[in-house]
2 protein chains.
Amino acid sequence: MDTLPPALIRFFEQYHAVSGEALAAIADISEPFWVKKNTEIQPVGRTCKTIYFIIEGIARIHYYKNGTDITEYFAFGPDIVVRAESLFKNQPSQKAIEIIENAQLVATDAARLFQLYDRQPGVERLFRKIFEDCYVDTINRLESIQFHTAKERYIALLNEQPKLLQRVSLKHIASYLGISQVTLSRIRASIR
Amino acid sequence: MDTLPPALIRFFEQYHAVSGEALAAIADISEPFWVKKNTEIQPVGRTCKTIYFIIEGIARIHYYKNGTDITEYFAFGPDIVVRAESLFKNQPSQKAIEIIENAQLVATDAARLFQLYDRQPGVERLFRKIFEDCYVDTINRLESIQFHTAKERYIALLNEQPKLLQRVSLKHIASYLGISQVTLSRIRASIR
DNA sequence: GGCAGTCTTTTACATTTGTTAAATAATCAG
DNA sequence: CTGATTATTTAACAAATGTAAAAGACTGCC
């Protein structure tokens with residue numbers, strides 16, 4: 001594509017001020033696309049070779065455990081959407097990416113992005129910082145899920161991401177919180 | 001210090017082949033030290049400004065929740081030991097670092113390391129890859145703790161890190177698994 | 001060796017969460 | 001608008017886990 005969406009450039013700039021040349025190089029290996037809700041843009045079993053940016057809309061990363069659909073991550077535009085355990089280890093992912101609210105996305109070829117790291121140190125730095133931030137988010141989520149009760153986690157979500165509660169179905173939120181939907185219903189009833 | 005311990009250089013080389021010059025620059029901002037077990041090398045409340053490498057021995061990252069001591073991470077030498085949520089956000093950490101088996105360590109000044117990223121791109125790349133790996137480990141741990149039963153998690157630990165079970169006390173392992181020590185005892189009894 | 005302190009297991013009971021199934025509410029397509 | 005589908009809540013019971021306290025096992029120090 002010729003130029004990245006302004007919302008994506010602003011997303012990048014939160015992390016690192018990238019030169020116009022670097023942005024053009026990223027645009028060069030990226031393609032925009034639009035997806036309707038309830039579409040799986042990456043199935044289980046494929047190795048992650050594309051880095052997605054969700055510009056508008058909502059995506060989730062999910063997988064199946066004993067036939068149960070489990071949500072691991074919600075991405076509200078603008079955000080990055082990757083299955084890092086597959087991308088960085090170059091192994092097939094057991095996880096899928098599904099769009100759950102009509103979305104505008106950008107797909108960036110991962111191999112070509114990593115090549116770009118050699119020519120444009122600013123790009124490596126940008127993505128280093130983005131993934132460091134993802135890492136910290138995951139640490140915090142681990143702590144939340146490991147040592148807070150289901151009720152505490154739900155209330156924290158309510159306070160920290162109220163829009164998530166408004167726009168995502170409760171069955172997805174339940175599995176994201178690591179509890180059954182019945183437990184989530186009980187918690188909601190208890191604080192009403 | 002003059003030269004990094006060979007075990008640390010081998011640890012680095014797993015991730016990225018770094019030039020001798022870069023290694024010397026890292027050594028230049030690093031200091032070796034030795035610590036006896038049951039020593040806290042970083043207390044709660046301090047912002048993480050040092051990156052530790054544990055060469056030999058065991059460290060753990062832990063914190064307190066309602067007065068209960070919770071282990072978040074075990075580091076067996078050779079490994080990196082940082083409280084990433086503090087290091088990358090430059091905020092005081094609610095977590096402490098304790099040595100639980102006599103250890104040889106290297107302490108690297110974080111601010112000077114980050115300055116080194118500008119002069120030695122190989123160093124930025126090395127640490128980018130190290131932290132990407134930490135990130136993937138955390139994703140996998142999150143998945144493990146979110147969607148496996150306590151018994152499944154204990155058995156996985158038994159298979160994947162048997163030495164951990166032999167060298168670390170069960171009270172630390174229980175909190176690492178996100179369960180009470182009583183539950184851990186019951187699980188151990190049930191598979192005996 | 002023996003005592004003190006710590007670690008681990010066990011017991012009894014309370015609480016939380018899960019499972020299954022049914023009832024109710026909301027949403028969507030035609 | 002209406003029937004069909006999906007989402008959410010509720011109920012009843014089972015299973016898992018937590019808490020508190022006590023007993024037993026282990027460790028280190030004098």
Side-chain angles (χ1 to χ4, degrees), chain A residues 36-40 57-58 60 62 64-71 74 98-102 143-158 162-192, chain B residues 36-40 57-58 60 62 64-71 74 98-102 143-158 162-192:
Chain A
K36 293 236 179 274
K37 70 172 172 179
N38 300 325
T39 310
E40 207 154 272
I58 310 178
R60 70 181 183 113
H62 70 113
Y64 297 93
K65 147 114 179 153
N66 303 335
T68 310
D69 177 330
I70 307 275
T71 297
F74 292 113
E98 186 191 43
I99 300 304
I100 55 176
E101 199 175 87
N102 294 353
E143 182 186 325
S144 148
I145 218 152
Q146 187 169 15
F147 300 111
H148 293 89
T149 65
K151 188 169 179 173
E152 287 168 338
R153 277 177 268 150
Y154 175 73
I155 291 171
L157 198 65
L158 206 57
K163 66 181 176 177
L164 199 149
L165 270 299
Q166 289 150 20
R167 290 164 66 184
V168 176
S169 76
L170 293 171
K171 71 176 174 183
H172 292 153
I173 289 171
S175 73
Y176 178 74
L177 289 171
I179 57 180
S180 70
Q181 198 179 344
V182 174
T183 298
L184 179 56
S185 251
R186 277 193 282 239
I187 290 167
R188 286 163 56 83
S190 80
I191 64 179
R192 216 184 298 138
Chain B
K36 293 238 178 274
K37 70 172 174 179
N38 300 324
T39 310
E40 206 154 271
I58 310 179
R60 70 180 183 114
H62 70 114
Y64 296 93
K65 146 114 181 155
N66 303 336
T68 310
D69 177 331
I70 307 275
T71 296
F74 292 113
E98 185 192 43
I99 300 303
I100 56 177
E101 198 174 88
N102 294 353
E143 182 186 324
S144 149
I145 218 151
Q146 189 170 15
F147 301 111
H148 292 88
T149 63
K151 189 168 177 175
E152 287 168 339
R153 278 176 269 151
Y154 175 72
I155 291 171
L157 197 67
L158 206 57
K163 66 181 175 179
L164 198 149
L165 270 298
Q166 289 151 20
R167 291 164 67 183
V168 175
S169 76
L170 292 172
K171 71 175 175 184
H172 292 154
I173 289 171
S175 72
Y176 178 74
L177 289 172
I179 56 180
S180 69
Q181 197 178 347
V182 174
T183 298
L184 179 56
S185 253
R186 278 193 281 240
I187 289 167
R188 286 163 56 83
S190 79
I191 64 178
R192 217 185 298 137

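What you see is a predicted model, and the numbers here were worked out from it, not measured in a lab.
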Within this structure, what is the NE2-to-P distance between H148(B) and dA16(D), rounded to whole angstrom?
16 Å

Short side-chain N/O contact to dG18(D) OP1/OP2 from S180(B), under 4.0 Å
yes

Q166(A) atom CD is separated from dA7(D) atom C1', nearest whole Å, by 17 Å

Which whole-number value in Å describes the distance from L177(A) CG to dT17(C) P?
11 Å

Rounded to whole Å, please give me the gap between CD in E152(B) and C1' in dA15(D).
14 Å

Between dT5(D) (P) and K171(A) (NZ): distance, integer Å
15 Å

Is the backbone N or O of H148(B) less than 3.5 Å from a side-chain atom of E143(B), with the two atoms forming a donor-acceptor pair by type?
no

Counting side-chain heavy atoms from C-beta on, which of dC7(C), dG18(C), dG18(D) comes nearest to S169(B)?
dC7(C)

Interface with DNA chain D, restricted to residues 185-192 of chain A and to heavy atoms under 4.0 Å
S185(A), R186(A), R188(A), A189(A), R192(A)

Got a donor-acceptor contact below 3.5 angstrom from the E98(B) side chain to the N38(B) backbone?
no

Side chain of A150(A), heavy atoms from C-beta onward: which of dA7(D), dT17(C), dG18(D) has the nearest atom to it?
dT17(C)

Applying side chain to side chain donor-acceptor pair (under 3.5 Å), run through Y154(B) and R188(B) and close with a yes or a no.
CA-CA 9 Å; Y154(B) 175 72; R188(B) 286 163 56 83; 3.0 Å; yes

Within the structure, does a side-chain N or O atom of K37(A) lie under 4.0 Å from either OP1 or OP2 of dC28(C)?
yes

Does S190(B) reach the main-chain N or O of I187(B) with its side chain, forming a donor-acceptor pair under 3.5 Å?
yes

Pairwise side-chain contact, L158(B) with I191(B), heavy-atom cut-off 4.5 Å (strictly under)
yes

Ranking dC28(C), dT17(D), dT19(C) by distance to the side chain of V182(A), first place goes to dT19(C)

Rounding to a whole Å, what distance do you find between I179(A):CD1 and dA15(D):P?
21 Å

Check for a donor-acceptor pair, side chain of N102(A) on one end and backbone N or O of K36(A) on the other, with a separation under 3.5 Å.
no

Could you check whether any side-chain N or O of S180(A) sits under 3.5 Å from a backbone N or O of T183(A), counting only pairs where one atom can act as donor and the other as acceptor?
yes

May I have the distance from Q181(B) (atom CD) to dA23(D) (atom P), rounded to whole angstrom?
18 Å

Rounding to a whole Å, what distance do you find between I100(A):CD1 and dT27(C):P?
16 Å

Which part of the nucleic acid does L184(B) contact within heavy-atom distance under 4.0 Å: base, sugar-phosphate only, or nothing?
nothing

